[in-house]
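Reviewing the structure listed below.
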Protein chains: 2
Amino acid sequence: MSLHGESEVLLTPAEVASLFRVDPKTVTRWAKAGKLSSIRTLGGHRRYKESEVRALLGAASEDATPDK
Amino acid sequence: MSLHGESEVLLTPAEVASLFRVDPKTVTRWAKAGKLSSIRTLGGHRRYKESEVRALLGAASEDATPDK
DNA sequence: TAGTAATTGGGTAATTAGGGAT
DNA sequence: TGTGTCCTAATTACCCAATTAC
């Protein structure tokens with residue numbers, strides 16, 4: 001493992017909000033509620049792991065079977 | 001700030017309902033019935049794929065077969 | 001250093017989910 | 001069978017001003 005570690009891609013609140021089609025502030029609430037892990041910048045702004053976000057997005061609960 | 005890769009454009013229940021001229025509750029029923037796939041926010045609200053909605057809207061079939 | 005966009009808080013409206021009766 | 005409506009609780013969206021990112 002390098003010093004840089006695994007290149008963990010981080011997303012901004014606006015990017016996560018765009019993916020879920022919600023308000024950025026809603027993403028903040030998810031982080032506060034512990035539903036989504038967040039990393040803090042030194043200034044206090046939140047960043048989110050892309051892998052985690054993608055995983056949650058992929059968990060599209062569908063009643064129907066896509067059949068594909 | 002383009003995120004890489006494919007990102008689905010999602011629609012809110014109200015938007016889908018407006019497009020179909022139905023009550024949002026009806027859209028929810030379609031999702032529960034498996035007629036429409038849905039993605040859930042972490043709070044449980046549904047989001048719908050625009051591409052799928054557009055496809056359904058464009059699938060204007062008629063009672064009288066337009067011989068095509 | 002300055003300038004613009006984004007994020008952070010709180011507060012308060014607006015939507016949505018879910019069940020049930022029609 | 002399908003849709004619109006009523007109800008309550010939960011979730012989300014928009015408002016502001018101050019701080020942070022780049």
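Quick note: numbers below take in every heavy atom, side chains included, and nothing from hydrogens, waters or symmetry partners. A note on names: the letters A, B, ... follow the listed sequences, proteins ahead of strands, and every chain is numbered from 1. As the structure is a computational prediction, the values presented were derived from the model and not from experiment.
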Rounded to whole angstroms, how far apart are [atom1] on [X] and [atom2] on [N]?
| X | N | atom1 | atom2 | value |
| --- | --- | --- | --- | --- |
| Tyr48(A) | dT7(C) | OH | C1' | 9 Å |
| Leu42(A) | dT8(C) | CG | P | 14 Å |
| Leu10(B) | dT12(D) | CG | P | 14 Å |
| Lys32(B) | dT3(D) | NZ | P | 14 Å |
| Arg29(B) | dG19(C) | CZ | P | 12 Å |
| His45(A) | dA5(C) | NE2 | P | 16 Å |
| Phe20(A) | dT16(C) | CZ | P | 18 Å |
| Asp23(A) | dA13(C) | CG | P | 17 Å |

Within less than 4.0 Å of OP1 or OP2 of [N], is there a side-chain N or O belonging to [X]?
| X | N | result |
| --- | --- | --- |
| Thr41(A) | dA21(D) | yes |
| Thr26(B) | dG4(D) | yes |
| Trp30(A) | dT12(D) | yes |
| Thr28(B) | dG18(C) | no |
| Thr12(A) | dA21(D) | no |

Measure from the side-chain heavy atoms of [X] and tell me the nearest of [options].
| X | options | value |
| --- | --- | --- |
| Ala14(B) | dC14(D), dT12(D), dT16(C) | dT16(C) |
| Val22(A) | dA13(D), dT8(C), dT7(C) | dA13(D) |
| Lys35(A) | dT16(C), dG4(D), dT11(D) | dT11(D) |

Inset, instruction - For Arg46(A), report the nucleic acid contact type (base, sugar-phosphate, nothing); a contact means any heavy atom under 4.0 Å. - result: sugar-phosphate
Legend entry - Nearest-0.5 Å distance, NE2 of residue His45(B) to CZ of residue Arg40(B): 9.0 Å
Inset, instruction - Working to the nearest 0.5 Å, report the span between CH2 of Trp30(B) and CZ of Phe20(B). - result: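 Here the interatomic distance stands at 5.0 Å.
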Inset, instruction - Using heavy atoms to find the nearest nucleotide of DNA chain D for Arg21(B) and Gly43(A) separately, return the residue whose nucleotide is more 5′. - result: Arg21(B)
Legend entry - N/O donor-acceptor pair, side chain Arg47(A) with base dA21(D), under 3.5 angstrom: no
Inset, instruction - Look at the side chain of Lys25(B) against the base of dG18(C) and say whether a donor-acceptor pair falls under 3.5 Å; ignore hydrogens and angles. - result: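 Check passes, donor-acceptor contact within cut-off.
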Inset, instruction - May I ask you to test the Glu8(B)-Leu57(A) pair for a side-chain heavy-atom distance under 4.5 Å? - result: no
Legend entry - Verdict with reasoning, Arg29(A) to Thr26(A), per side chain to side chain donor-acceptor pair (under 3.5 Å): CA-CA 5 Å; Arg29(A) 293 197 202 91; Thr26(A) 296; 3.2 Å; yes
Inset, instruction - Measure across Tyr48(B) and Leu36(B) and return the closest heavy-atom pair with its distance rounded to 0.1 Å. - result: CD2-CD2, 3.5 Å
